[in-house]
Amino acid sequence: MKEPRLAVCPFCRKEHGVDVERCPATGESIPAVYRMHGTVLIDKYEVIRPIGEGGMGIVYEGQHRSIGRKVAIKFLFPYIKADAEVIARFQNEAKVAASIAHKNIRDILDMDATPDGTPFIVMEYLEGMSLGKIIKTKGKITPPTAVKIALQVLSALHGVHSKSIVHRDLKPENIFITQQAGGEEIVKIVDFGISHLSRPIEGEALVTTKDDAIVGTPKYLSPEQAGSEKVDERAHLYAVGTLLYEMVTGRHPFEETSYNKIIVAILTRDPDPPGKFA
């Protein structure tokens with residue numbers, strides 16, 4: 001006898017069967033994206049369990065039914081799937097990452113939509129921990145390890161630049177440390193949802209974010225991003241410098257508590273020397 005398939009309700013945060021369509025506690029309708037367990041997508045991918053949520057959607061562990069390969073499947077949240085610009089960004093993420101094909105960038109394997117129109121991306125499954133979680137858990141990272149991580153990030157960014165792409169949201173949470181067979185640690189850049197393409201991919205229509213809009217996580221914006229100026233590949237160098245600073249000191253260069261204060265600090269101040277903290 002099969003065990004019942006359970007899903008965590010987004011309203012009461014308790015587990016219900018995937019066939020329960022309304023939260024017993026609040027009466028609100030539970031979106032299908034939270035009840036995907038056991039679903040088979042395009043006759044290939046079986047959805048197994050949720051493994052994370054981000055700003056745009058929820059990520060499940062899945063499996064390719066024919067070859068048994070473990071995959072990650074990212075679905076858009078229902079309240080944004082009707083937004084044409086967000087869908088374009090979501091699809092842009094898949095096309096950007098797939099076009100680069102670099103060992104330090106998460107592979108994108110497939111892209112489609114569920115019968116009810118919810119877009120999804122099938123990605124390489126990663127086991128490990130984000131750099132953000134490592135810093136939060138361990139604090140300071142030894143300089144040799146920090147350098148190894150930064151070199152792999154820079155190698156990936158070299159591939160990104162070869163495609164005239166700017167990631168625009170490089171931060172510890174978008175850098176994942178995983179292990180390959182044999183135990184070697186490898187760095188993966190993930191989440192190209194707000195990338196900027198300066199030219200189309202293989203003749204397709206150009207989809208970009210607006211140059212005059214502040215996008216990205218405030219603490220990792222370059223001065224030109226913070227000032228809503230035109231952004232190019234040099235923004236990556238600023239972000240990697242910020243990452244190195246944070247890895248070796250265990251703190252951000254500007255420990256401000258509000259969005260406005262961090263923007264002002266990036267635009268007007270130099271950070272304290274890292275030697276003050278490490």
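This is a predicted model, so every value here is computed, not measured. If you read the sequence from its start, that first residue is 1, and numbering goes on from there.
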- prompt: Got Leu126 and Lys188 here, is their nearest side-chain heavy-atom distance under 4.5 Å?
  reply: yes
Scanning both residues in full, the closest heavy-atom pair of Ile266 with Ala226 reads CG2-CB, 4.1 Å
Evaluate side-chain contact (heavy atoms from CB on, under 4.5 Å) for Lys44 paired with Arg65, printing each intermediate quantity in order. CA-CA 6 Å; Lys44 278 197 291 188; Arg65 300 183 83 197; over 6 Å; no
The test is side-chain contact (heavy atoms from CB on, under 4.5 Å); show your working for Ile135 and Glu246 and say whether it passes. CA-CA 8 Å; Ile135 293 172; Glu246 191 166 359; 4.1 Å; yes
Has Ser155 got a side-chain atom pairing as donor or acceptor with Leu151's backbone, closer than 3.5 angstrom? no
**Item:** Backbone N/O of Phe277 and side chain of Lys140: donor-acceptor pair under 3.5 Å
**Value:** yes
Note: Pro218 and Ile262 closest approach over all heavy atoms is CB-CG2, 3.7 Å
Open item on the list: Please say yes or no: joined through hydrophobic side-chain contacts below 4.5 Å, possibly via intermediate residues, are Met129 and Leu243 part of one cluster?
Closed with: yes
For Pro223 and Leu267 the tightest heavy-atom approach is O-CD2, 3.3 Å
Next item on the list: Quick one: do His252 and Tyr245 satisfy ring pair (Phe, Tyr, Trp, His ring centres under 6.0 Å)? Show the steps, please.
Entry: CA-CA 7 Å; His252 189 271; Tyr245 188 107; 7.7 Å; no
Here the gap from Gln179 atom CD to Ile177 atom CD1, rounded to the nearest 0.5 Å, amounts to 10.5 Å
Check your understanding: So do Glu53 and Tyr34 actually touch side chain to side chain, heavy atoms under 4.5 Å?
Key -> yes
With a 4.5 Å cut-off on side-chain heavy atoms, are Phe11 and Arg22 touching?
no
Do Val187 and Ile175 make a side-chain contact, defined as non-hydrogen atoms from C-beta onward lying under 4.5 Å apart?
yes
When rounded to the nearest 0.5 Å, the distance separating NZ of Lys276 from CZ of Arg251 is 7.5 Å
Taken to the nearest 0.5 Å, the spacing of Thr26 OG1 from Ile30 CD1 works out to 7.5 Å
Q. Going by atom types alone, do Glu173 and Tyr220 pair a side-chain donor with an acceptor below 3.5 Å?
A. no
His236 vs His161 aromatic rings, parallel, tilted or perpendicular, using cut-offs 30° and 60°? parallel
Rounded to the nearest 0.5 Å, the NZ atom of Lys148 sits from the CD1 atom of Ile141 at a distance of 12.5 Å
Closest non-hydrogen atoms of Asp110 and Tyr45, given as atom of the first, atom of the second and distance, are OD2-OH, 2.9 Å
Value for NZ (Lys138) from OG1 (Thr145), rounded to nearest 0.5 Å, stands at 8.0 Å
So NZ of Lys14 and SG of Cys23: to nearest 0.5 Å the spacing works out to 8.5 Å
Only one of Thr39, Leu41, Ile121 passes side chain to side chain contact (heavy atoms under 4.5 Å, CB included) with Ile73, and that residue is Leu41
Could you tell me if His158 and His102 have a donor-acceptor pair between their side chains, going purely by distance under 3.5 Å? no
task: Assign the ring pair Phe120 / Phe75 to parallel, tilted or perpendicular, where the plane angle (0 to 90°) is split at 30° and 60°.
output: tilted
Practice item. Return yes if a side-chain donor-acceptor contact under 3.5 Å exists between Ser258 and Asn260, otherwise no. Key: no
Checklist line | Side-chain touch Gln63/Ile48, heavy atoms, less than 4.5 angstrom | finding: yes
Counting only N and O atoms by type, is there a donor-acceptor contact under 3.5 Å from the side chain of Asp116 to the main-chain atoms of Thr118? yes
*Crowding at CZ, Arg234 (>12 non-hydrogen neighbours, <6.0 Å)*: no
Would you say that Thr114 contacts Met36 through its side chain, given a criterion of any heavy-atom pair below 4.5 Å between the two side chains? yes
So is Lys70 actually on top of Tyr125's ring, under 6.0 Å and inside 45° of the axis?
yes
(Q) Could you check whether Glu256 pairs with Arg269 (Lys NZ or Arg NE/NH1/NH2 to Asp/Glu carboxylate O, under 4.0 Å)? (A) yes
*Do Ile189 and Leu157 touch side chain to side chain, with heavy atoms closer than 4.5 Å?*
yes
### Query
Tell me, do Met247 and Ile149 make a side-chain contact under 4.5 Å, heavy atoms counted?
yes
message: Set out, in order, the CA-CA distance, both residues' side-chain angles and the distance that settles side-chain contact (heavy atoms from CB on, under 4.5 Å) for Met123 and Val59, then state yes or no.
response: CA-CA 10 Å; Met123 308 175 290; Val59 181; 4.2 Å; yes
TODO: Answer yes when Asp19 and Arg35 have at least one side-chain N-carboxylate O distance shorter than 4.0 Å, and no when they do not.
DONE: no
Task: In one Ile/Leu/Val/Met/Phe/Trp/Tyr side-chain cluster, 4.5 Å: Val18, Ile58 - done: no
Val20 and Val8: same hydrophobic cluster, using ILVMFWY side-chain contacts below 4.5 Å?
no
| request: Run the salt-bridge test on Arg106 and Glu124 with the 4.0 Å N-O cut-off and return the result as yes or no. | output: no
Heavy-atom closest pair (Pro253 atom, Thr242 atom, distance to 0.1 Å) is CD-CG2, 3.8 Å
Of all heavy-atom pairs linking Ala146 and Val248, the shortest is CB-CG1, 3.9 Å
>> Let me check something: do Val40 and Val47 share a hydrophobic cluster, defined by ILVMFWY side-chain heavy atoms less than 4.5 Å apart, either directly or through other members?
In response: no
Same apolar cluster: Val153 and Ile186, side chain cutoff 4.5 Å: no
